[in-house]
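Encoded as C-alpha cells, the structure appears first; notes follow it.
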Amino acid sequence: MLGLGADRLRADMSRLLALLFHQGVLDEQFLQLQQLQDESSPNFVSEVVNIYFHESEKLLRNLRNLLMDKEFWDYKKMGIHLNQFMGSSSSIGAKRVRSVCVAFRAASEQNNRPGCLRALELLEHEYCYLKNKLHELFQLEQQRAMAAGVRYPMQN
C-alpha cells in the first residue's frame, strides 16, 4: 500500500512539473537544480528555493518602497535590485519571474514610473504563483517520501 501511494504522489509531482514547464513558469535550470539533490542532501532543492523566497521577499519590498517614494525615484537602485532578482530567478529556473524582471528593468532604465508600477504588480503576481506552485510541489514530495517510508525534516 505504501508503494502505491508513493507512485501516485510521484505521478502528481510529474504532472505539476509538466504544467509549470508548459506554462513557462520554470525552465531547464530547475531540472538541473533537482539533479544536485541526492540521499546525502534530500532537501537540497527546497532549501535553495526557500533561500530564494526569503531573498525575493526582501527585493520585492525594496522595489515597492522605491516606487512608493513620491519625492524621489532611484531608478539606478531599482536596477540593482532587479538584476539581483533576475540572477536569483535564473539560478532556480524561475523563467516567467525572470522575464518580468527584464521588462521591469527596461521600464526603470527609461525612468517610466507607470511602467514600473505595472511591472511590479505583474512581478508580485508571478512570484506568488511560483511560490504557491513550488510549495505545492514540495508538499507532494514530502508526502511521497513519507508514503515511501522515508522521513525528512519538514521545510517552511
Side-chain angles (χ1 to χ4, degrees), residues 1-67 76-109 116 119-156:
M1 183 67 177
L2 284 178
L4 291 176
D7 289 343
R8 193 173 91 244
L9 289 163
R10 186 175 286 112
D12 290 347
M13 288 172 56
S14 293
R15 278 192 292 277
L16 178 55
L17 270 177
L19 173 69
L20 295 175
F21 279 94
H22 178 73
Q23 292 175 333
V25 173
L26 295 175
D27 65 21
E28 63 281 346
Q29 183 62 34
F30 188 79
L31 295 176
Q32 291 176 7
L33 193 62
Q34 285 184 312
Q35 290 173 352
L36 297 173
Q37 184 166 291
D38 59 19
E39 294 84 29
S40 67
S41 57
N43 296 316
F44 177 76
V45 175
S46 65
E47 289 169 2
V48 169
V49 170
N50 280 321
I51 291 168
Y52 166 79
F53 289 151
H54 179 74
E55 293 304 312
S56 295
E57 301 282 338
K58 284 192 240 178
L59 290 169
L60 284 169
R61 196 169 34 255
N62 291 340
L63 288 165
R64 179 160 289 292
N65 288 340
L66 285 169
L67 281 169
K76 185 176 180 178
K77 191 178 257 185
M78 202 176 309
I80 292 168
H81 292 313
L82 287 166
N83 285 339
Q84 290 173 334
F85 211 159
M86 281 189 306
S88 60
S89 296
S90 292
S91 72
I92 69 154
K95 184 178 178 181
R96 281 195 344 205
V97 169
R98 184 190 178 287
S99 296
V100 174
C101 286
V102 170
F104 194 158
R105 186 176 63 184
S108 74
E109 287 171 351
C116 287
L120 177 62
E121 187 175 314
L122 183 56
L123 181 58
E124 289 173 334
H125 171 78
E126 288 297 335
Y127 171 77
C128 285
Y129 184 76
L130 172 73
K131 187 174 182 179
N132 288 335
K133 290 300 178 184
L134 288 182
H135 276 307
E136 184 179 337
L137 181 69
F138 296 146
Q139 286 176 342
L140 288 170
E141 172 63 25
Q142 194 76 27
Q143 291 170 7
R144 185 205 57 78
M146 289 175 68
V150 178
R151 304 259 182 231
Y152 298 127
M154 292 292 284
Q155 294 293 313
N156 288 342

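Computed from a predicted structure; not experimentally measured.
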To the nearest 0.5 Å, how far apart are [atom1] in [X] and [atom2] in [Y]?
{"X": "Ile92", "Y": "Ile51", "atom1": "CD1", "atom2": "CD1", "value": "11.0 Å"}
{"X": "Leu19", "Y": "Leu26", "atom1": "CG", "atom2": "CG", "value": "9.5 Å"}
{"X": "His81", "Y": "Leu66", "atom1": "NE2", "atom2": "CG", "value": "5.0 Å"}
{"X": "Leu59", "Y": "His54", "atom1": "CG", "atom2": "NE2", "value": "10.5 Å"}
{"X": "Asp12", "Y": "Leu137", "atom1": "CG", "atom2": "CG", "value": "10.5 Å"}

*Do the rings of Tyr127 and Phe85 sit parallel, tilted or perpendicular, given the 30° and 60° boundaries?*
perpendicular

With a 4.5 Å heavy-atom cut-off, do [X] and [Y] have their side chains touching?
{"X": "Glu121", "Y": "His125", "answer": "no"}
{"X": "Phe44", "Y": "Asp38", "answer": "no"}
{"X": "Leu120", "Y": "Leu60", "answer": "yes"}
{"X": "Asn50", "Y": "Phe138", "answer": "no"}
{"X": "Phe30", "Y": "Lys95", "answer": "no"}

Could you pull out all residues at least two apart from [X] that satisfy side chain to side chain donor-acceptor pair (under 3.5 Å)?
{"X": "Ser14", "result": "none"}
{"X": "Lys58", "result": "Glu55"}
{"X": "Asn62", "result": "none"}

_Pairs touching residues 22-35 that satisfy side chain to side chain donor-acceptor pair (under 3.5 Å), sequence neighbours left out_ = Gln23-Tyr129

*Among pairs that include at least one residue of residues 83-94, which meet side chain to side chain donor-acceptor pair (under 3.5 Å), considering only residues two or more places apart or in two chains?*
Tyr52-Ser89, Asn83-Arg105, Ser90-Arg98

*Mind checking salt bridge (charged side-chain N to carboxylate O under 4.0 Å, His left out) for Arg61 and listing every partner two or more places apart, or none if nothing turns up?*
none

Of the non-hydrogen atoms in [X] and [Y], which two are nearest, and what is the gap between them?
{"X": "Val45", "Y": "Leu33", "value": "CG2-O, 3.7 Å"}
{"X": "Cys101", "Y": "Leu123", "value": "SG-CD1, 3.8 Å"}
{"X": "Leu130", "Y": "Ala94", "value": "CD2-CB, 3.6 Å"}
{"X": "Leu67", "Y": "Met78", "value": "CD2-CE, 3.7 Å"}

*Scan residues 124-139 for pairs that pass salt bridge (Lys or Arg N to Asp or Glu O under 4.0 Å), counting only residues two or more places apart or in two chains.*
Glu57-Lys131, Arg64-Glu124, Arg96-Glu126, Lys133-Glu136

*asked:* Using the rule given for side-chain contact (heavy atoms from CB on, under 4.5 Å), can you reason through Arg144 versus Glu141, listing the C-alpha separation, both sets of side-chain angles and the distance that settles it, and then say yes or no?
replied: CA-CA 5 Å; Arg144 185 205 57 78; Glu141 172 63 25; 2.8 Å; yes

